[in-house]
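These notes concern the structure reproduced below.
Only heavy atoms go into these numbers, but all of them, side chains included; no hydrogens, no water, no symmetry mates. Lettering follows sequence order; numbering is per chain, from 1.
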Amino acid sequence: MSDTAERVKKIVVEHLGVEEAKVTENASFIDDLGADSLDTVELVMAFEEEFGVEIPDDAAEKIQTVKDAIDFIDANS
Amino acid sequence: MRRVVVTGLGMVTPLGDGVETSWSRILSGQSGAGEITRFDASNSVARVVCEVPVGDGSNGTFNADRYMEPKDRRRVDDFIVYGIAAAQQAIEDAGWTNPQGEEAERSGVMIGSGIGGLPGIEESSVLMHERGPRRVSPHFIPGRLINLVSGQVSIRYGLKGPNHAVVTACSTGAHAIGDAARLIMLDDADVMVAGGAEAAICPVGVAGFAQAKALSTRYNDTPEKASRPWDEGRDGFVMGEGAGIVVLEELEHAKKRGAKIYGEIVGYGMSGDAYHVTAPAPDGDGAFRAMRAALKRAGMAPSDIDYINAHGTSTPLGDEIELGAVKRLFGDAVSQLSMSSTKSSIGHLLGAAGAVEAIFSMLAMQQNIAPPTLNLENPSPSCEGIDLVPLKAKERPIRAILSNSFGFGGTNASLIIKEFTE
């Protein structure tokens, strides 16, 4: 697992209070991990902090799974 | 009008988590006061507060993990955490944890706060100033709004009836109980979870009250002495925090399910001073009329009241004015009753005060013991002729109680609760 993936998963576990095993790359924040619309905003903020990237709103809307997040961060940081 | 009884109690106070812990410590004369630990208060003129003792849950400490997931807790201000905790205690005490169908639609919530999420507003304002609007949490608003205690409690227990929140400064808790009882009397609900929650001990909160010259500043080195209602040496109130919540229930509903009954809400009176934003009207007219209205609603005479839990905040003006109003309204009956201020033990819980004090009053009634007014060592001359329960709890018959709450803006509320009899 890449360093980015490790750190993304750690943030997801912390913020959503879910078990680590559930945070697979294809897991959807809303459908699989129980996030609501506020949680997804908070997750994006946490990614921005952790990786020092800025995630504009239109890009944030497309980040729906763990993999979406990892890919965006790898491409933009 | 339908009759309303109290069937569940819950509280978080500076003396600890839970009704039994707080009450037993009140009776044994303990004080919840100490120096401010939540922030560096070295530049504050007022450095004494009553903080909820946070810990692992042992020895009466408050462990939030018993009530909320850590991820949910860090999104909301502490007044919501305390409110949820006290509501859980009250709802479990009443055995009303899982109403279904129409029962759920007939169960509501009315939990208020005087100030709401001030610590979080302060922190987020600093964060935004330093780092811009994109660092403000999406949970900022729902984690600070006063009605979100009622909202959260309704979500947790599926309570689909009236969902409301009172905001009347330091009268909040009393108004919430009185107003919620009326919703049941008027057949808008059968069960109401009602009370107040507060957690405003933060730099701007303390500074704001201190600048209004409302807080005690003379006892920074002896915190337990700072809250001293009616004592000659009093010099302002001591900020407290916590929550008090009751479950109110229509009498027949409570009887049908065999609920235990702590007391009946028989009187509720309200008034406005129409005088000043912070100072009480000097003639005590607002307090007088609130108490008189409560007695009228209850259909009771002054001599029917055995115990008054005073607003008694330990301010030079307020204590004297309330005492004068009580003497004027109760006349000769004043020599037969006992009146004390539990704020001498736990400080002033602002929007939670009225609810916590109504609960203490009900316990006083159940156990026939009046809680003490701590630090009442040198009573003002006007204290003559009335038992203010100085220093030590006092056993005496208590069949009915009156609890006073007065708030900034000149808003007054009095509750009368009576032993339940058919």
(request) Could you tell me which portion of B:Pro70 (side chain, backbone, both or neither) has an atom closer than 4.5 angstrom to a non-hydrogen atom of chain A? (result) neither
(message) Report, in residue-number order, which members of residues 13-22 of chain A are under 4.5 Å from chain B by heavy-atom distance.
(response) A:Glu14, A:His15, A:Leu16, A:Gly17
(request) Taking heavy atoms only and a threshold strictly under 4.5 Å, list by residue number the residues of residues 84-112 of chain B that touch chain A; give 'none' if the list is empty. (result) none
(request) Tabulate, in ascending numerical order, the residues of residues 58-77 of chain A having at least one heavy atom closer than 4.5 Å to a heavy atom of chain B, or enter 'none'. (result) none
(message) Need one label for B:Arg75: side chain, backbone, both or neither, based on atoms under 4.5 Å from any heavy atom in chain A.
(response) side chain
(request) Output the residues of residues 33-47 of chain A for which the shortest heavy-atom distance to chain B is under 4.5 Å, in residue-number order; output 'none' if no such residue exists. (result) A:Leu38, A:Asp39, A:Val41, A:Glu42, A:Met45
(request) Go through the atoms of B:Arg134 and report whether side chain, backbone, both or neither lie under 4.5 Å from a heavy atom of chain A. (result) both
(request) Could you tell me whether B:His164 atom NE2 has more than 12 heavy atoms of other residues or ligands within 6.0 Å of it? (result) no
